[in-house]
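Comments concern the structure below.
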Amino acid sequence: MERVIRNKIKIGISSCMYGSNFRYNGKGYDITKHIGRDRSNFIWYPICPEVNGGLGIPRSPIHVSGESGDNVWDGSGRIRDRSGRDQTDKLISGCVDGLRQLKENQIKVYIFMEGSPSCGIYRTSLKNNRLGKPPGVFGSLLLKEEIFLIPAMDLQSPIKKWDWFRRMYSFLWVDEMIIDSKDSLYEMWHTVKFLCQEVDEKRARILGRKMANLGKYVEDEKLSEMKREVLMMLRKPSSLSKIKNRLWKHYKYYEKKMKLDVEEVYEPRDNVSMGRLAKKITEIELELYDRGEFFSLSPILNRSGR
Ligand code: SF4
C-alpha cells in the first residue's frame with residue numbers, strides 16, 4: 001500500500017491566525033508564513049466562531065462563566081463579555097456554523113489559536129501562568145469531533161512543526177484506511193506503531209498486545225475501536241525534548257547508513273540548529289522514499305506539491 005498523500009490536504013484554521021484582523025481588538029497574525037513554500041500544498045479554510053456568530057470587530061472580549069467551554073454545550077455555562085452581556089447564543093451559532101463548514105468540506109485538521117475562550121483547547125487565557133477554563137467553546141466541539149488539532153503557535157518552531165505535520169499525515173492516512181480485517185489492521189499498525197510508541201509508549205504497547213491476542217474472527221466494532229485508538233494516540237501533543245531526542249537519535253542512525261555530510265548538522269541546542277535538523281530530516285525522508293525504503297519516524301509522506 002502506498003504510504004504517501006498525493007491530494008492537497010484541507011486545513012481549517014482560526015481566521016486570526018490566517019492573517020485576518022478578527023481578534024476582539026482588531027488584530028491578527030499570519031502563522032502560515034512559518035510553513036514557507038509548502039503553504040500552497042494545503043487548502044485553507046479560515047473560520048472565526050466569534051465573527052461568524054455576529055460579534056463584530058472590535059468587540060468586548062468574552063469569557064466563559066462556568067467550568068469550561070464544555071458547560072456551554074450542556075447548558076450549565078454561559079458566555080459573557082466584559083460588560084456582563086450574555087453572548088452565549090451568538091457564540092453557539094458561530095461555533096455550530098464553523099463545525100458545519102468543517103464537516104461539509106470533509107476537513108479533519110484544525111490549527112487553533114490557543115488562549116481563546118472560543119478556539120482554545122488546552123488554555124483559554126493568554127495571561128501568564130493562567131490556563132483559563134479549557135477547552136474553549138469551539139475547542140470543546142473540535143475535541144468531541146475528534147479533529148486533528150494543531151496549536152497555531154507551534155508552527156513557529158521548526159521541530160514542533162515537523163512533528164505535528166508527520167503525525168497529521170499519519171492521522172489522515174489511517175483515517176482514510178478501510179480496516180475490515182485483521183490483515184488490514186496489522187498493516188496499518190505495522191506502518192504507524194513506532195510513531196505511536198514515540199507519542200505514548202505505554203498506550204501503544206497495550207494496544208500492540210491486544211492486537212497480538214486477537215482471535216481468528218474479529219468483529220467490525222473491535223476493528224473500528226482499535227483504529228480509533230491509533231487516531232487518538234497520533235493527535236496527542238508531544239514535548240519538545242521528546243521530539244528532539246528521538247529525532248536526533250534517528251538522524252545519527254541515518255547519517256551513518258546514508259553517509260551524510262556530517263559537517264552540516266549538529267545536535268540541536270537552539271532554534272536555528274533545530275531548524276537545520278528538521279530541514280535535513282525532511283530531505284532524508286524524501287530520499288529514502290525515492291529509494292523505496294521505509295522511514296519509521298515519518299511513516300507517511302506528503303507529496304501533494306510534487
Ligand atoms: S474566535 Fe478564534 S478565530 Fe476568532 S478571533 Fe478568536 S481565536 Fe481567532
Side-chain angles (χ1 to χ4, degrees), residues 10-35 39 42-66 68-73 77-83 85-105 107-128 130-156 160-161 164 235 237:
K10 297 174 180 177
I11 303 184
I13 181 167
S14 295
S15 300
C16 60
M17 290 288 101
Y18 194 69
S20 307
N21 295 329
F22 274 17
R23 292 198 63 210
Y24 74 93
N25 54 7
K27 291 189 176 163
Y29 180 72
D30 185 7
I31 200 78
T32 64
K33 67 183 178 195
H34 296 282
I35 300 174
R39 183 182 138 127
F42 305 102
I43 305 174
W44 299 94
Y45 291 79
I47 291 171
C48 176
E50 292 182 20
V51 171
N52 279 3
L55 286 175
I57 309 163
R59 57 188 172 275
S60 172
I62 54 168
H63 63 272
V64 180
S65 76
S68 73
D70 292 338
N71 293 129
V72 172
W73 298 107
R78 306 297 293 173
I79 290 292
R80 299 196 188 279
D81 66 18
R82 205 168 261 170
S83 36
R85 267 179 310 209
D86 191 315
Q87 302 286 19
T88 313
D89 292 346
K90 283 186 176 172
L91 187 61
I92 284 185
S93 120
C95 291
V96 170
D97 187 60
L99 186 63
R100 177 194 57 76
Q101 290 182 50
L102 293 176
K103 284 190 161 178
E104 266 180 25
N105 295 296
I107 300 164
K108 306 277 175 60
V109 180
Y110 190 78
I111 296 178
F112 65 93
M113 165 67 181
E114 191 69 308
S116 152
S118 304
C119 292
I121 301 287
Y122 306 109
R123 52 190 303 157
T124 52
S125 166
L126 285 176
K127 290 187 187 142
N128 285 346
R130 273 197 50 203
L131 292 180
K133 296 171 175 175
V137 184
F138 193 44
S140 164
L141 276 191
L142 300 174
L143 282 168
K144 278 191 206 111
E145 290 296 324
E146 304 187 347
I147 304 266
F148 189 86
L149 297 164
I150 304 176
M153 291 306 170
D154 278 6
L155 299 182
Q156 290 177 320
K160 284 189 178 172
K161 182 179 70 185
W164 278 117
R235 74 174 198 160

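When a ligand or atom number is given, it counts from 1 through the structure's own listing order. Remember, predicted model here, so these are calculated numbers, not experimental data.
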Side chain to side chain contact (heavy atoms under 4.5 Å, CB included) between Lys144 and Asp70, intermediate numbers included: CA-CA 10 Å; Lys144 278 191 206 111; Asp70 292 338; 4.2 Å; yes
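Within the protein, the N, O or S atoms lying under 2.8 Å from atom 2 (Fe) of ligand 1 are Cys119 SG.
Looking at heavy atoms from C-beta onward, Pro134 lies out of side-chain contact with Ser68 at the 4.5 angstrom threshold. A heavy-atom distance below 4.5 Å is not found between the side chains of Arg100 and Ile47.
A salt bridge links Asp30 with Arg39; the closest basic N to acidic carboxylate O contact falls under 4.0 Å.
In summary, the atoms of ligand 1 found under 4.0 Å from a heavy atom of Arg59, numbered by their order in the structure, are 5 (S).
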Compile the donor-acceptor pairs under 3.5 Å between side chains in residues 55-62 and protein atoms, sequence neighbours left out, one pair per line.
residue : atom : partner : partner atom : Å
Arg59   : NE   : Glu50   : OE1          : 2.8
Arg59   : NH1  : Phe22   : O            : 3.1
Arg59   : NH1  : Gly56   : O            : 2.8
Arg59   : NH2  : Phe22   : O            : 2.7
Arg59   : NH2  : Glu50   : OE1          : 3.0
Ser60   : OG   : Arg82   : N            : 2.9

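Rounding to the nearest 0.5 Å places CD1 of Ile150 at 14.0 Å from CE of Met17.
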